[in-house]
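Start at 1 and go down the list; that is how both ligands and their atoms are numbered. Keep in mind that the numbers below use all heavy atoms, side chains included, and drop hydrogens, waters and symmetry copies.
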Amino acid sequence: MIPPSHPRYRSLITRERLARCAQKGIVTPEGLAAHGRGEAFDYLIGERTTDSACIAERTAAALLKSARHPVISVNGNTAALAASEISSLQKASGALVEVNLFHRTEKRVQQIEHLLCEAGADVFSGESERLLPLHHDRAWCRRGGIFSADVVLVPLEDGDRCEALVGMGKTVVAIDLNPLSRTARTASLTIVDELTRALPQITHACYGLSKNEGIDLIASLDNHYLLTDAIREMTMRLSHALD
Ligand code: ATP
């Protein structure tokens with residue numbers, strides 16, 4: 001029997017939650033596959049927040065706090081895993097919360113917005129338009145939301161959309177356990193940590209960061225270093241895996 005404090009116990013509870021959300025249509029089958037990939041990388045990194053991820057989380061807080069128009073983009077997996085963490089981060093950062101889906105139907109958008117509202121988030125909804133330079137449904141967003149944002153937090157993003165947002169001149173903060181993904185390598189800042197560990201850390205930093213620390217963190221942002229360090233952590237763990 002796995003004790004409730006063990007990370008593996010939490011991952012079993014998470015799977016059950018995702019499975020329930022998949023039955024309701026909030027999470028897609030593709031979303032379940034993406035979660036499995038995340039779990040594998042989390043295993044490699046030791047199911048913990050590394051020191052470099054902690055720096056990335058504080059830098060994310062600094063970027064959100066100093067933004068003119070920060071937006072948190074939420075997909076089905078993010079809402080299923082972390083609706084209340086998104087709501088807390090919104091309160092701490094003042095960011096807009098907007099739903100943006102790869103597999104987009106009006107019903108799914110409404111279900112996910114409802115889940116977020118139930119968790120206390122103030123969801124930016126209304127008329128969407130095809131505003132991003134993409135062929136698939138992730139091109140849809142709101143003119144007053146993601147389209148005009150200067151900083152966008154994209155937990156669990158796909159590479160194409162991350163690239164499109166960066167190409168539009170936005171500062172893109174990704175949360176992705178895979179340091180090799182296109183998203184991780186394209187984003188302005190990548191937090192290589194599990195979503196439900198990362199979001200509360202960003203929220204906590206939003207309340208605790210001084211203005212000067214924020215300026216220093218943004219000035220020293222080096223995404224290549226953050227990704228290299230995540231790979232180093234994984235390699236170290238693998239090389240001692242059987243000790
Ligand atoms: P890309 O298009 O960026 O090359 P991909 O094809 O792997 O990457 P997706 O299938 O959209 O993109 O997967 C989303 C990413 O999210 C994966 O890299 C996965 O490792 C990561 N991921 C999944 N679940 C979590 C989680 N709970 N926390 C953090 N990262 C996660």
Side-chain angles (χ1 to χ4, degrees), residues 7-22 26-50 52-54 56-57 60 72-86 89 99-104 108 112 115 132-139 152-167 170 172-203 223-224 226-227 229-231 233-234 237-238:
R8 199 62 33 76
Y9 181 87
R10 287 203 296 277
S11 107
L12 290 175
I13 300 285
T14 301
R15 280 186 192 174
E16 279 171 21
R17 191 186 307 167
L18 278 174
R20 273 200 307 277
C21 285
I26 291 169
V27 169
T28 60
E30 291 83 353
L32 293 178
H35 181 76
R37 187 185 296 211
E39 277 189 347
F41 278 100
D42 203 19
Y43 198 79
L44 293 179
I45 210 154
E47 294 167 300
R48 77 207 151 90
T49 301
T50 62
S52 57
C54 192
E57 284 152 3
I72 307 171
S73 171
V74 178
N75 64 11
N77 278 37
T78 302
L81 292 174
S84 70
E85 288 87 345
I86 291 287
L89 177 56
V99 172
N100 188 275
L101 304 178
F102 193 100
H103 300 281
R104 188 179 193 281
R108 266 196 90 216
I112 293 166
L115 186 62
L132 306 184
L134 290 166
H135 296 300
H136 49 66
D137 280 353
R138 284 206 126 182
V152 193
L153 173 66
V154 287
L156 320 183
E157 188 51 89
D158 77 289
D160 284 353
R161 186 156 171 277
C162 182
E163 207 166 41
L165 293 170
V166 170
K170 300 178 191 306
V172 179
V173 180
I175 301 174
D176 193 334
L177 277 158
N178 177 4
L180 304 172
S181 75
R182 228 151 37 86
T183 300
R185 288 185 289 155
T186 313
S188 323
L189 167 66
T190 305
I191 299 166
V192 184
D193 197 4
E194 203 280 322
L195 177 75
T196 61
R197 289 196 303 269
L199 292 173
Q201 297 275 9
I202 307 172
T203 301
N223 206 44
H224 188 264
L226 294 170
L227 298 181
D229 192 68
I231 293 168
E233 291 273 1
M234 291 178 189
R237 251 183 76 79
L238 273 179

Identity and distance of the protein heavy atom lying nearest atom 31 (C) of ligand 1:
Leu156 CD2, 3.3 Å

Counting heavy atoms only, which of Arg197, Glu157, Arg182, Arg37 is nearest atom 5 (P) of ligand 1?
Arg37

Closest non-hydrogen atoms of Asp229 and Ser52, given as atom of the first, atom of the second and distance, are OD2-OG, 2.6 Å

Please tell me if the side chains of Ile26 and Leu18 come closer than 4.5 Å, counting only heavy atoms from C-beta onward.
no

Only heavy atoms of Leu81, strictly under 4.0 Å: list the atoms of ligand 1 that pass.
27 (N)

Closest contact, heavy atoms only, Asn75 versus Pro155:
ND2-O, 4.0 Å

shortest atom 27 (N) of ligand 1-to-protein heavy-atom contact is with Glu194 OE2, 2.7 Å

Report the nearest protein non-hydrogen atom to atom 30 (N) of ligand 1: residue, atom name, distance rounded to 0.1 Å.
Leu177 N, 3.2 Å

Can you name the side chain to side chain donor-acceptor pair (under 3.5 Å) partners of Glu57, sequence neighbours left out?
none

Of all protein heavy atoms, the one nearest atom 13 (O) of ligand 1 is Ala34 CB, 3.6 Å

Return a yes/no value for Asp160: is any of its N or O atoms, backbone included, closer than 3.5 angstrom to an N or O of ligand 1?
no

For atom 28 (N) of ligand 1, tell me which residue out of Thr183, Leu195, Asn75 has the closest non-hydrogen atom.
Leu195

From Ile202 CD1 over to Ile175 CD1, what is the distance, rounded to the nearest 0.5 angstrom?
4.5 Å

Nearest-0.5 Å distance that lies between atom OG1 in Thr28 and atom CZ in Arg108
5.5 Å

From the list Arg48, Arg37, Arg237, Arg197, salt bridge (Lys or Arg N to Asp or Glu O under 4.0 Å) partner of Asp42 resolves to Arg197

Enumerate the atoms of ligand 1 whose separation from the nearest heavy atom of Gly38 is less than 4.0 angstrom.
19 (C), 20 (O), 22 (N), 23 (C), 24 (N)

Suppose I only count heavy atoms of Gly159 and a 4.0 Å limit; which atoms of ligand 1 are within that range?
1 (P), 2 (O), 3 (O)

A student comparing Thr186, Asp176, Asp42 should find that the heavy atom closest to atom 21 (C) of ligand 1 comes from Asp176

So, Arg161 versus Ser73: side-chain donor-acceptor pair below 3.5 Å or not?
yes

Is it true that Arg138 and Asp158 make a salt bridge, defined as a side-chain N closer than 4.0 Å to a carboxylate O?
yes

Atom 8 (O) of ligand 1 has as its nearest protein heavy atom Ser181 CB, 3.7 Å

Is ligand 1 less than 4.0 angstrom away from at least one heavy atom of Glu39?
no

